[in-house]
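Down below is the structure, laid out as structure tokens.
In what follows, every chain begins at residue 1, and chains take the letters A, B, ... in the order their sequences are listed.
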Amino acid sequence: MSLWTMVIKMATGLERTCAIFFLTVLFSLPLGMIVALLRMSKNKVVSGVTRFVISVLRGTPLMLQLLAVTYGPYYLFGLTVSKNKLIPVVIAFSINYAAYFAEIYRGGIESIAKGQYEAAEVLGYSKTQTFIRIILPQVIKRIMPSVTNEVVTLVKDTSMAFTVSYQEMFTIGKEIANSQTSFMPFIVAGVFYFVFNAIVDFAMGKVEKKLNYYQ
Amino acid sequence: MENNLVLQMKNIKKSFDDNEVLKGISFEVEKGEVVSIIGPSGSGKSTLLRCATLLEKIDDGMIQYEDVVVANTEEGGKPVYLPKKEITHVKSYFGLVFQQFNLFPHFSVLKNVMHAPINVQKRDKAEVEKEARELLEKMGLADKADAYPCQLSGGQQQRVAIARALALNPDILFFDEPTSALDPELTGEVLKIIRQLAEEKMTMVIVTHEMSFARGVSNRVIFMDGGYIIEEGDPEEVFGNPTQERTKQFLKNYQQ
Ligand SMILES: Nc1ncnc2c1ncn2[C@@H]1O[C@H](COP(=O)(O)OP(=O)(O)OP(=O)(O)O)[C@@H](O)[C@H]1O
Ligand SMILES: [Mg+2]
């Protein structure tokens, strides 16, 4: 197989790689905020349970979570594994990344000085207004570097979908590598991820710059 | 408005765990009056302002702004506060200027001043902007409207904070050591603004360690120690001829 054929074949999986990436970003960012708010709940049971769930999600391999979400329903309830594995893959990724984003959000929210809340309270802002208009914009700016880190990691983590044989770019590359006994597909994959991340880095850098209008 | 009283606080008690910080404080502020509160560190001055501005809940006593009783305690019971919706309205009676300014760093100077009138009081944007620019002009900050707080000196930030509080048209303005976080050469510009407000008959309660300023600006001085008001009166009397031993001692330490 020529290098060009290899690249073309693997590129057909890029669409799926992108699907995992963008859908995970789309779902995990807001889900992470919900998890963060539950984690900071004044209700001890709610915050305790959330804390435990976060530690399980962060403390076990993403690969296991992928397997659990994809095949768990079959082993537990005898449900057939759906043909379109994109759904379980995106669910597993979104939940896992939400746990990481939740901790980033929490760190950001807790880093905002008490004086900001008090100033808003005396000025008459409601709790919701204070969070959305005063606190959140400051949090977003502060956590941007950590979020960028996670997003870059996510690009690379999409390759884990091979564990459930979801035909994204890396899984295709791996199959070619096996059938052709060639290392070349992995090099091609590496270049793909590197370029993907260069684009992500560039885009996130733009966002960070935009938020730099104050110190 | 009864008796021209803007604020009445009666028998205010406040503890943090078993540390009783306010042990029964009563005072009133008349319209147009400037009251300074002085006293040693830990005497409860900030706590008193935080109770007055509803940042802390009192354990006992009564708070009344003009004719609105905000919190009241029945004999032997817990203080009852107004329902949330009415509290929001009560907040338009007062403003608070913090030691640490607490400006919103992600808003420009102008937006810091305009945001609450527009979003809390739901006032007309154009009208608010006109007033906000006038306030900044008065604070000597007309040319800083588009700057961000991080680009300003401490003295300038504090003047923005004063403008932000005034933009809501409060009837009374509280200051908690407004110049304590400033370099000495910057305190003057903030004190000048407060003096100017006093001349305009703005009702103010000022916690301060600037004794000569307190003496010059206020109609009345309150000396607090250990959670009590020890002495209260005309500034010339309290500073020039204090009657209480603790006041004398405190002022003596300050003259060095
Ligand atoms: N949130 C809080 N939790 C526990 N204790 C508190 C709290 N706020 C204040 N205190 C305690 O209350 C006492 C009075 O504090 P406060 O800040 O009112 O004093 P102050 O007169 O303003 O002093 P300073 O001149 O240093 O500002 C202190 O012993 C302080 O430790
Ligand atoms: Mg204090």
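Using a 4.5 Å cut-off between heavy atoms, R50(B) touches chain A through its side chain atoms alone. Y213(A) touches chain B through backbone and side chain together, each having a heavy atom under 4.5 Å away. Within the 4.5 angstrom heavy-atom criterion, atoms from both the backbone and the side chain of A120(A) approach chain B. Residue F98(B) touches chain A through its side chain alone, counting heavy-atom pairs closer than 4.5 Å. Of the atoms belonging to I87(B), not a single heavy atom falls under 4.5 Å from chain A. Only the side chain of Q129(A) comes within contact range of chain B, with heavy atoms under 4.5 Å apart. Contacts of F101(B) with chain A are absent, with no heavy-atom separation under 4.5 Å from either backbone or side chain. With a 4.5 angstrom heavy-atom cutoff, L96(B) touches chain A via backbone and side-chain atoms both.
With chain A as partner, the option from N102(B), V90(B), T88(B) having the largest number of non-hydrogen pairs under 4.5 angstrom is N102(B). Between chain B and the options K114(A), K141(A), Q138(A), the largest number of non-hydrogen pairs under 4.5 Å is found for Q138(A). Your options are A116(B), S92(B), G95(B), and the one with the most heavy-atom pairs under 4.5 Å with chain A is A116(B). In terms of heavy-atom pairs under 4.5 angstrom with chain A, the leader among L54(B), L103(B), L55(B) is L55(B).
Other residues, nucleotides and ligands contribute only 12 or fewer heavy atoms inside 6.0 Å of the OH atom of Y74(A). In the displayed structure, F16(B) atom CZ is contacted under 6.0 Å by more than 12 heavy atoms of other residues, nucleotides or ligands.
Two rings, from F21(A) and F196(A), have their centers less than 6.0 Å apart.
In the model, D157(A) has a side-chain atom that pairs as donor or acceptor with a side-chain atom of Y97(A) under 3.5 Å. Side chains of Y125(A) and H115(B): a donor on one and an acceptor on the other come within 3.5 Å.
By the 4.0 Å N-to-carboxylate-O rule, R106(A) lies close enough to E110(A) to be salt-bridged with it.
Relative orientation of the H106(B) and Y214(A) rings is tilted, given thresholds of 30° and 60° on the angle between their planes. Ring pair H89(B)/Y93(B) is perpendicular by interplanar angle, where above 60° counts as perpendicular and below 30° as parallel.
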